[in-house]
Engineer: 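Quick one: structure below, then a few questions.
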Amino acid sequence: MQRVKLEESWKRVLSPEFELDYMRGLSEFLRKEKAAGQTIFPAGNEIFNALNSTPFDKVKVVILGQDPYHGPGQAHGLCFSVRSGVALPPSLKNIYKEIHNDLGIEPARTGNLQCWADQGVLLLNSVLTVQSGNAASHQRKGWERFTDRIVALLNERRENLVFLLWGNYAQRKGAIIDRSRHLVLESVHPSPLSASRGFFGNHQFSQSNHFLESHKQTPIDWRVSE
């Protein structure tokens with residue numbers, strides 16, 4: 001645990017996980033991948049970027065993704081987000097379209113969602129690493145159990161959070177959330193294959209802010225600037 005660069009509030013609640021066999025096995029798997037010459041995304045210092053950007057006690061909204069982008073220069077540890085200057089992925093374009101439909105905010109030209117994370121939006125992928133050019137290559141290696149624990153801790157120890165669960169994968173992962181204590185908003189995934197079947201028009205961004213304001217929290221500014 002001493003070698004893991006993790007924000008202090010997350011380190012307090014997650015430190016027991018790093019002592020368990022599954023996390024040791026995951027660490028060994030990643031070490032072997034690198035020893036074999038594989039390129040892993042995101043970079044090592046960005047694997048926990050979602051947690052480091054949004055402290056445990058500052059989380060207001062949780063967006064659950066699945067895997068990091070596997071193309072060069074894209075992933076930087078925040079789900080759906082890409083580095084500044086990188087072409088917008090299709091799903092993110094659709095997210096921006098819905099924000100425009102819902103709140104009238106013009107679609108951003110940058111895909112870097114760090115400004116959301118800084119406001120309390122936890123942009124959490126279920127799996128935190130991937131092999132370059134090989135989608136889903138690090139699934140079922142231990143990350144899912146780790147991020148399940150993150151969701152469980154937020155559910156148990158925080159109050160009045162908003163969980164945005166897009167698609168079946170995220171909805172299964174969020175099945176444990178106590179809906180009497182948190183707002184859970186579900187829809188199809190924003191990918192081009194499904195967005196027109198219920199993502200567009202879901203008004204979840206305005207719903208999230210109304211919920212936060214009703215519980216005396218500052219709403220999220222969903223604008224994304226360069």
Side-chain angles (χ1 to χ4, degrees), residues 4-7 10 13-14 17-18 22-23 26-27 29-30 33 38-56 59-83 86 88-92 94-95 111-118 120-155 161-177 184-191 194 199 224:
V4 178
K5 293 183 179 179
L6 192 60
E7 189 275 332
W10 283 110
V13 297
L14 287 172
E17 295 300 297
F18 289 88
Y22 85 93
M23 281 299 282
L26 175 58
S27 179
F29 165 75
L30 293 172
E33 285 275 274
Q38 299 291 349
T39 299
I40 305 301
F41 297 135
N45 63 347
E46 293 180 320
I47 290 173
F48 297 114
N49 193 18
L51 304 179
N52 291 333
S53 296
T54 312
F56 181 79
V59 175
K60 298 177 180 179
V61 178
V62 181
I63 298 178
L64 292 179
Q66 190 164 347
D67 294 277
Y69 298 117
H70 56 86
Q74 292 181 302
H76 66 123
L78 306 177
C79 74
F80 293 104
S81 180
V82 292
R83 296 178 183 280
V86 174
L88 299 182
S91 291
L92 184 54
N94 286 338
I95 291 170
N112 191 329
L113 304 180
Q114 184 67 47
C115 59
W116 291 359
D118 293 341
V121 181
L122 181 65
L123 296 164
L124 182 66
N125 273 318
S126 176
V127 176
L128 300 188
T129 58
V130 70
Q131 191 183 101
S132 174
N134 190 2
S137 51
H138 288 183
Q139 289 185 4
R140 296 179 293 279
K141 304 298 182 183
W143 282 128
E144 291 93 341
R145 180 173 171 181
F146 180 71
T147 53
D148 279 348
R149 183 58 181 154
I150 291 171
V151 173
L153 286 164
L154 289 167
N155 175 61
L161 299 181
V162 180
F163 289 84
L164 302 182
L165 308 181
W166 299 333
N168 292 332
Y169 187 93
Q171 289 160 23
R172 288 194 298 270
K173 194 170 185 69
I176 66 165
I177 299 165
V184 178
L185 299 175
E186 299 181 344
S187 80
V188 298
H189 195 274
S191 82
S194 57
F199 183 79
V224 177

Engineer: I need the L128 CG to W143 CH2 distance, nearest 0.5 Å.
Structural biologist: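 These two atoms lie 4.5 Å from each other.
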Engineer: Could you go through the side-chain contact (heavy atoms from CB on, under 4.5 Å) check for M23 and R149 one step at a time?
Structural biologist: CA-CA 12 Å; M23 281 299 282; R149 183 58 181 154; over 6 Å; no
Engineer: Are L161 and L122 side-chain neighbours, meaning at least one heavy-atom pair lies under 4.5 Å?
Structural biologist: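 Side-chain contact under 4.5 Å: no.
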Engineer: Check whether any side-chain heavy atom of L26 lies under 4.5 Å from a side-chain heavy atom of R145, and answer yes or no.
Structural biologist: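 The answer is no; the side chains never approach within 4.5 Å.
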Engineer: For the CD atom of E186 and the CZ atom of F163, what is their distance to the nearest 0.5 Å?
Structural biologist: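 That separation rounds to 12.0 Å.
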Engineer: Return the OG to CZ distance between S53 and F48, rounded to the nearest 0.5 Å.
Structural biologist: 13.0 Å
Engineer: What is the minimum heavy-atom distance between P68 and V127, and which atoms define it?
Structural biologist: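 Minimum heavy-atom contact is CD-O, 3.1 Å.
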Engineer: Please determine whether side-chain contact (heavy atoms from CB on, under 4.5 Å) holds for the pair I150 and F56, giving the CA-CA distance in whole Å, both sets of side-chain angles, and the decisive distance to 0.1 Å.
Structural biologist: CA-CA 9 Å; I150 291 171; F56 181 79; over 6 Å; no
Engineer: Calculate, to the nearest 0.5 Å, the distance between atoms CG and CD1 belonging to L30 and I40 respectively.
Structural biologist: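 Atom-to-atom, L30:CG and I40:CD1 are 6.5 Å apart.
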Engineer: Measuring from atom CD1 of I176 to atom CG of D148, what distance do you get when rounded to the nearest 0.5 angstrom?
Structural biologist: 6.5 Å
Engineer: Roughly how far, to the nearest 0.5 Å, is the OG atom of S137 from the CG atom of D67?
Structural biologist: 8.0 Å
Engineer: Is the shortest heavy-atom distance from the side chain of T54 to the side chain of V121 under 4.5 Å?
Structural biologist: no
Engineer: Can you find a heavy atom in the side chain of N52 that is under 4.5 Å from one in the side chain of L6?
Structural biologist: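 Result yes, sub-4.5 Å side-chain heavy-atom pair found.
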Engineer: Please identify which of these residues, S91, S194, S191, S187, meets the side-chain contact (heavy atoms from CB on, under 4.5 Å) condition with W166.
Structural biologist: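 Between W166 and the candidates, side-chain contact (heavy atoms from CB on, under 4.5 Å) is satisfied uniquely by S187.
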Engineer: Can you name the nearest heavy-atom pair linking T129 to P42, along with the distance?
Structural biologist: CA-CD, 4.3 Å
Engineer: Of all the heavy-atom pairs spanning V224 and N112, show the shortest one and how long it is.
Structural biologist: CG1-O, 3.4 Å
Engineer: Can a salt bridge be assigned to the pair E46 and R83 using a cut-off of 4.0 Å between side-chain N and carboxylate O?
Structural biologist: yes
Engineer: Does the side chain of H76 reach to within under 4.5 Å of the side chain of S81, using non-hydrogen atoms?
Structural biologist: yes
Engineer: When you compare the side chain of H138 with that of Q131, does any pair of heavy atoms fall below 4.5 Å?
Structural biologist: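 The answer is yes; the side chains approach within 4.5 Å.
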Engineer: Just so I know, are the side chains of I63 and L113 near enough to count as touching, which here means a heavy-atom distance under 4.5 Å?
Structural biologist: no
Engineer: Classify the side-chain pair K173/T147 by whether it contains a donor and acceptor separated by less than 3.5 Å.
Structural biologist: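 Looking only at side-chain atoms, T147 and K173 do form a donor-acceptor pair, the distance falling under 3.5 Å.
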Engineer: Taking E144 for its side chain and R140 for its backbone only, find out whether a donor-acceptor pair lies under 3.5 Å.
Structural biologist: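 Present.
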Engineer: Is it true that F146 and F18 have ring centroids separated by less than 6.0 Å?
Structural biologist: yes
Engineer: Any side-chain heavy atom of N134 within less than 4.5 Å of one from Q38?
Structural biologist: no
Engineer: Please find the pair of heavy atoms, one from P55 and one from W10, that lie closest to each other, and give the distance.
Structural biologist: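 So the two residues come closest at C-NE1, 3.5 Å.
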Engineer: Would the H189 and Y169 ring centres measure less than 6.0 Å apart?
Structural biologist: no
Engineer: Decide if the gap between the ring center of W116 and the ring center of F80 is smaller than 6.0 angstrom.
Structural biologist: no
